[in-house]
Peer 1: 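This is the structure I want to talk about, given as structure tokens.
Below, chain A is the first sequence line, B the second, and so on; all start at residue 1. None of the values given here were measured: they were computed from a predicted structure.
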2 protein chains.
Amino acid sequence: MDKTDKKLLDILQNDATLSVGAMAEAVHLSTTACWKRIQNLEERGVIRKRVALLDPAQLKLGMTVFVTVKTNHHDLQWLQAFSQVVRDMPEVVEFYRMSGEVDYLLRIVVPDIQAYDQVYKRLIKDTRLSDVSSSFAMEELKNTTALPLDFV
Amino acid sequence: MDKTDKKLLDILQNDATLSVGAMAEAVHLSTTACWKRIQNLEERGVIRKRVALLDPAQLKLGMTVFVTVKTNHHDLQWLQAFSQVVRDMPEVVEFYRMSGEVDYLLRIVVPDIQAYDQVYKRLIKDTRLSDVSSSFAMEELKNTTALPLDFV
DNA sequence: TTTGAAAGTTCTACGTA
DNA sequence: TACGTAGAACTTTCAAA
């Protein structure tokens, strides 16, 4: 993973529509050499997948809610069941097990409060949680899929 | 935005490597008809961009930190300055203004605690915050860019 | 590393309902 | 306005110089 690979990743994670030829030019390589590097990054799994990012506003998904969860259950079996239920909810776009005060943190994307309430009810019904707290995002100031490559 | 468009969006936000021909088959359309729909979704901005998603683990970005921020400054000028500083930090991948107890929530991606401490210092130095609290993710159970299309 | 060519894909032109 | 056929232009992919 040299400087050229890093440059290619930087390009790809910001815009994956460029042709191999255009990227080759940007990193001063022949098309084939560049193509082989990208191929290699894909095989090694450094590039996980290529996706289209949609505009939440246009899909009427204007509401982002962060939900923190505390639980009394700390056995593996409960965790696995809980994890499965939450992962299967398409409204939950992020889901972490946390250190500290809170046990789990979820980011939920929905059209409005009513839809959120449905998701909330499903959550507490299906998993028996001791303490659930919701915080609403008023404004999304930044949200990027581009990872910082400064450390690489 | 009919059922076919929705299906195309669903495909595209999960895998944008399929050819137009393959997608056309999936939605029972000719290649051209399908191509025009995708073109249209792009022009309307429903499809915002196409990107490659990278594997954080392989880039040694194994640490995710959620940072909550409270501030005494509530004027627009301070907000804009603060917002600019934070948005320009590549380690900050998400950044929201919140309702309730906390004023701002940041998701930060770094290789390790040392790197996080650097980011933390930069944050408090550049913006003069009254209360900053960090929570560490122990495990990423779900993280998807695919928005729920059930409401569309 | 580069050339080059086969296979595949995107995109345009034009016609139909 | 939405779809289809056909083909030109471009891109990807890979073998061989």
Peer 1: Over how many whole Å does the gap from B:E43 atom CD to C:dC11 atom P extend?
Peer 2: 11 Å
Peer 1: In whole Å, what is the span from the CH2 atom of B:W35 to the C1' atom of D:dT5?
Peer 2: 15 Å
Peer 1: Do A:T31 and D:dT11 share a donor-acceptor pair, side chain to base, under 3.5 Å?
Peer 2: no
Peer 1: Could you list the residues that satisfy side-chain hydrogen bond (donor to acceptor under 3.5 Å, both in side chains) with A:S133, not counting sequence neighbours?
Peer 2: none
Peer 1: Just the rounded figure in Å: distance from C1' of D:dT1 to CG of B:L29.
Peer 2: 14 Å
Peer 1: B:E25 CD to C:dT10 P: how many Å, rounded?
Peer 2: 13 Å
Peer 1: Report yes or no: do B:E94 and B:Y96 form a side-chain donor-acceptor pair below 3.5 Å?
Peer 2: yes
Peer 1: Using only heavy-atom distances, determine whether the side chains of A:Y116 and A:S134 contain a donor-acceptor pair under 3.5 Å.
Peer 2: yes
Peer 1: Distance check needed: D:dC10 C1' versus A:M23 CE, whole Å only.
Peer 2: 15 Å
Peer 1: State whether the distance check finds a donor on one side and an acceptor on the other, under 3.5 Å, for side chain A:S19 versus base D:dT12.
Peer 2: no
Peer 1: Write down the distance between CZ (A:R37) and P (D:dT12), rounded to a whole number of angstrom.
Peer 2: 17 Å
Peer 1: Can you measure B:K36 atom NZ to D:dA2 atom P for me and round it to whole angstrom units?
Peer 2: 10 Å
